[in-house]
Amino acid sequence: MELISPLLRVEFREFCVSYFVLRQINDVFTMAGIKTGRLAPDQAISGQRRTLVEEYYSTLNWHRQDDANKFLKV
């Protein structure tokens with residue numbers, strides 16, 4: 001079972017897109033101990049900010065409590 005729902009993740013991504021610039025997105029994820037990853041070519045998403053958030057999301061295992069806690073720090 002995923003500990004953070006896909007709906008919450010999308011809502012938070014869209015919040016980031018609406019209110020943060022790229023530097024701020026990097027800052028909040030980095031301060032929570034989350035590293036950036038790479039998206040698979042079939043996961044292409046429009047926009048630099050959406051892509052950046054999804055690159056951070058790609059390094060998290062939503063089934064692990066430690067990763068869920070990192071996300072909640074963001």
Side-chain angles (χ1 to χ4, degrees):
M1 176 177 79
E2 292 185 335
L3 300 173
I4 305 292
S5 75
L7 178 61
L8 177 60
R9 297 189 314 248
V10 168
E11 289 295 323
F12 183 72
R13 182 192 70 205
E14 294 307 309
F15 172 84
C16 290
V17 168
S18 297
Y19 296 102
F20 293 161
V21 295
L22 291 170
R23 177 186 47 80
Q24 291 170 310
I25 293 170
N26 277 318
D27 289 349
V28 296
F29 280 92
T30 301
M31 287 189 297
I34 302 171
K35 298 182 183 206
T36 186
R38 293 211 177 262
L39 296 179
D42 64 335
Q43 289 181 301
I45 190 165
S46 66
Q48 288 181 309
R49 288 177 282 187
R50 280 187 186 88
T51 299
L52 183 58
V53 171
E54 290 295 332
E55 287 172 346
Y56 281 108
Y57 283 179
S58 73
T59 65
L60 298 172
N61 179 339
W62 301 106
H63 300 275
R64 292 190 54 213
Q65 188 66 51
D66 289 345
D67 284 352
N69 288 342
K70 286 180 185 179
F71 173 77
L72 293 174
K73 286 180 186 177
V74 176

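Rounding to the nearest 0.5 Å places CG of Leu22 at 11.0 Å from CG of Asp27. Between atom CG of residue Asn26 and atom CZ of residue Phe20 there is a gap of 12.0 Å, rounded to the nearest 0.5 Å. For the atom pair CZ of Arg49 and OG of Ser18, the computed distance is 7.5 Å after rounding to the nearest 0.5 Å.
In this structure, Leu60 is not a member of the same hydrophobic cluster as Leu3, with clusters built from ILVMFWY side-chain heavy atoms closer than 4.5 Å. Tyr57 and Leu7 fall into different hydrophobic clusters, where Ile, Leu, Val, Met, Phe, Trp and Tyr are joined by side-chain heavy atoms under 4.5 Å apart, directly or via other members. Ile4 and Val10 fall into different hydrophobic clusters, where Ile, Leu, Val, Met, Phe, Trp and Tyr residues are linked whenever their side-chain heavy atoms come under 4.5 Å apart, directly or through other members. Met31 and Phe71 are members of different hydrophobic clusters when ILVMFWY side chains are connected at heavy-atom separations under 4.5 Å. Linking ILVMFWY side-chain heavy atoms closer than 4.5 Å, directly or via other members, places Val17 and Val21 in two distinct hydrophobic clusters.
Atom CD of Glu14 sits in a crowded spot, with more than 12 heavy atoms from other residues, nucleotides or ligands closer than 6.0 Å.
Residues satisfying the side chain to side chain contact (heavy atoms under 4.5 Å, CB included) test with Ile45, not counting sequence neighbours, are Arg13, Leu39, Arg50, Thr51, Glu54.
Between Asp66 and Lys70 there is no salt bridge, since none of the side-chain N atoms of the basic residue sits less than 4.0 Å from a carboxylate O of the acidic one.
Within the 4.5 Å cutoff, the side chain of Glu55 has no heavy atoms near those of the Arg38 side chain.
Below 30°, between 30° and 60°, or above 60°: for Tyr19 and Phe15 the angle between ring planes is between 30° and 60°, a tilted geometry.
Smallest separation of non-hydrogen atoms from Gly37 and Ser58: CA-OG, 3.7 Å. Ile34 and Val74 get closest at one heavy-atom pair: CD1-CG2, 3.8 Å.
Checking side-chain atoms of Thr59 against main-chain N and O of Tyr56 turns up a donor-acceptor pair under 3.5 Å.
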